[in-house]
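Before we start, here is the structure in question, set down as structure tokens.
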Amino acid sequence: MLQKLHGVVLYVVKYSDKSNIAHIYTEQDGQVSFLIPAVRRSRKSAVNPVLFRPFSLVEIEADIRLKSGLHPIREARIWYPLDSLPYHPYKMGISMFLAEFLYRTLQEEDGNASLFAYLVNSIRWLDACGRDFSNFHLVFLLRLTRFLGFYPNLDDYVSGCCFDLLNACFVDGAPSHGLFLSAEESSRIINLMRMNYETMRLFVMSRNERNRCLDVIVAYYRLHLPAFPELKSLSVLKELYG
């Protein structure tokens, strides 16, 4: 059945010499795998593989086959054009990392209109931002936890307590399971959670501090998503901000 969908491109992998698989997060059905040509067959081709870059916002018409995990795309076009994100080296690095991150974390997620809106609005914000977006990926990942069910509980914070990574809350003493942050690092969680896209420029961090925050966030995700793998783009992002 032919179906028209809007989606966020996450990840493209080789399928054969002539075809690739594009993993796209759609508003209606969550993450779906689509079959696209590896190269554009002609100028008149209705599907141009160049459109399927990380974080591209696309409109597709696909042959949705209920008993198949791969759905051929019949037509594809840009749904919302991005001006800077596909060409700015730092924004490209952020988008590649976050798109791979989402590909790994949203594989079991169904369609979610609120999550889809969050992704689209975040991508559009990054595209429009002219400067001071070095903390974007940190804010994005922390706020994403709201949609995945493990947003940190900040209500019980008092100075000197520890953040329990496993139970996503602040505790008076070090928990016996050993998965926690020191009192000093726990105090920084509060500051991190205060950031949003508009205010993140006010939180100045060194390269080492930003990378440490990222390591903690990734470790936090791994605790709550046990099958979460190593990310190829993580080291690239860290080097980019070196």
Side-chain angles (χ1 to χ4, degrees), residues 6-15 20-26 31-34 36-40 47-60 73 76-107 115-144 195-198 200-201 203-215 217-218 221 228-242:
H6 289 149
V8 178
V9 178
L10 301 182
Y11 208 62
V12 176
V13 295
K14 183 177 179 179
Y15 181 66
N20 290 333
I21 298 173
H23 300 280
I24 300 176
Y25 190 82
T26 68
Q31 186 174 165
V32 184
S33 301
F34 296 96
I36 62 172
V39 295
R40 192 174 190 179
V47 182
N48 185 350
V50 174
L51 299 179
F52 298 90
R53 297 181 175 129
F55 270 12
S56 288
L57 303 176
V58 295
E59 180 181 88
I60 58 176
I73 292 180
R77 63 189 65 86
I78 291 296
W79 164 43
Y80 184 91
L82 301 175
D83 295 324
S84 67
L85 196 150
Y87 314 107
H88 191 293
Y90 291 100
K91 291 183 180 181
M92 286 174 61
I94 290 173
S95 63
M96 288 177 62
F97 167 72
L98 291 178
E100 183 188 3
F101 200 103
L102 290 168
Y103 163 62
R104 300 298 185 184
T105 56
L106 301 182
Q107 291 187 5
L115 173 55
F116 185 78
Y118 172 71
L119 300 183
V120 171
N121 291 336
S122 296
I123 291 167
R124 292 176 60 178
W125 192 96
L126 179 60
D127 182 65
C129 183
R131 53 180 294 182
D132 297 329
F133 51 81
S134 298
N135 293 330
F136 177 88
H137 54 299
L138 304 181
V139 176
F140 180 94
L141 293 177
L142 287 171
R143 299 196 174 264
L144 179 65
M195 288 195 297
N196 58 45
Y197 295 147
E198 299 298 335
M200 63 185 183
R201 59 185 175 81
F203 294 79
V204 180
M205 286 188 244
S206 67
R207 173 196 179 189
N208 289 338
E209 288 171 334
R210 187 174 294 109
N211 284 344
R212 172 57 183 164
C213 288
L214 183 56
D215 285 339
I217 292 171
V218 172
Y221 269 81
F228 196 75
E230 294 293 328
L231 298 172
K232 297 178 182 178
S233 56
L234 179 58
S235 60
V236 176
L237 183 67
K238 288 183 175 181
E239 287 299 321
L240 190 65
Y241 280 98

Open item on the list: Using a 6.0 Å cut-off, check whether atom OH of Tyr15 has over 12 heavy atoms from anything other than its own residue.
Closed with: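 No.
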Open item on the list: Just to verify, what does Arg201 make a salt bridge (charged side-chain N to carboxylate O under 4.0 Å, His left out) with, not counting sequence neighbours?
Closed with: none
Task: Tyr118: partners by side chain to side chain donor-acceptor pair (under 3.5 Å), with sequence neighbours left out - done: Tyr197
Open item on the list: Donor-acceptor check, side chain of Glu100 to backbone of Leu231, threshold 3.5 angstrom: yes or no?
Closed with: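 A pair under 3.5 Å: no.
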Task: Heavy-atom pair with the smallest gap, counting every atom of Val12 and Ile36 - done: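 Smallest heavy-atom distance, with atoms named: CG1-CD1, 4.4 Å.
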Open item on the list: Tell me if the CE atom of Met96 is crowded by more than 12 foreign heavy atoms within 6.0 Å.
Closed with: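 No - once you tally the heavy atoms of other residues, nucleotides and ligands closer than 6.0 Å, there are 12 at most.
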Task: Inter-residue atom distance Leu138.CG - Arg210.CZ, 0.5 Å rounding - done: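 Answer for the CG-CZ pair, Leu138 versus Arg210, is 7.0 Å.
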TODO: Kindly compute the distance separating CG (Leu115) from CG (Leu102), expressed to the nearest 0.5 Å.
DONE: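 So the gap between those two atoms works out to 8.0 Å.
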- [ ] Determine the sole option in Tyr25, Phe55, Phe97, Tyr11 for which the ring-ring contact (aromatic ring centres under 6.0 Å, His included) test with Tyr103 is passed.
- [x]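 The passing option is Tyr11.
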Task: Donor-acceptor contact below 3.5 Å, side chain Ser206 vs main chain Glu209 - done: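 Checking the backbone N and O of Glu209 against the side chain of Ser206, a donor-acceptor pair under 3.5 Å is found.
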- [ ] List in chain and number order the residues that pass salt bridge (charged side-chain N to carboxylate O under 4.0 Å, His left out) with Lys14, two or more places apart in sequence or in another chain; answer none if no residue qualifies.
- [x] Asp17
- [ ] Nearest 0.5 Å please: distance from the CG atom of Leu51 over to the CH2 atom of Trp79.
- [x]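 The distance works out to 14.5 Å.
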- [ ] Would you please indicate yes or no on a ring centroid separation below 6.0 angstrom for Phe34 and Phe52?
- [x]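 That pair fails the under 6.0 Å test.
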Task: Salt bridge Asp215-Lys238, side-chain N to carboxylate O under 4.0 Å - done: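 Here Asp215 pairs with Lys238 in a salt bridge, since their nearest N and O are under 4.0 Å apart.
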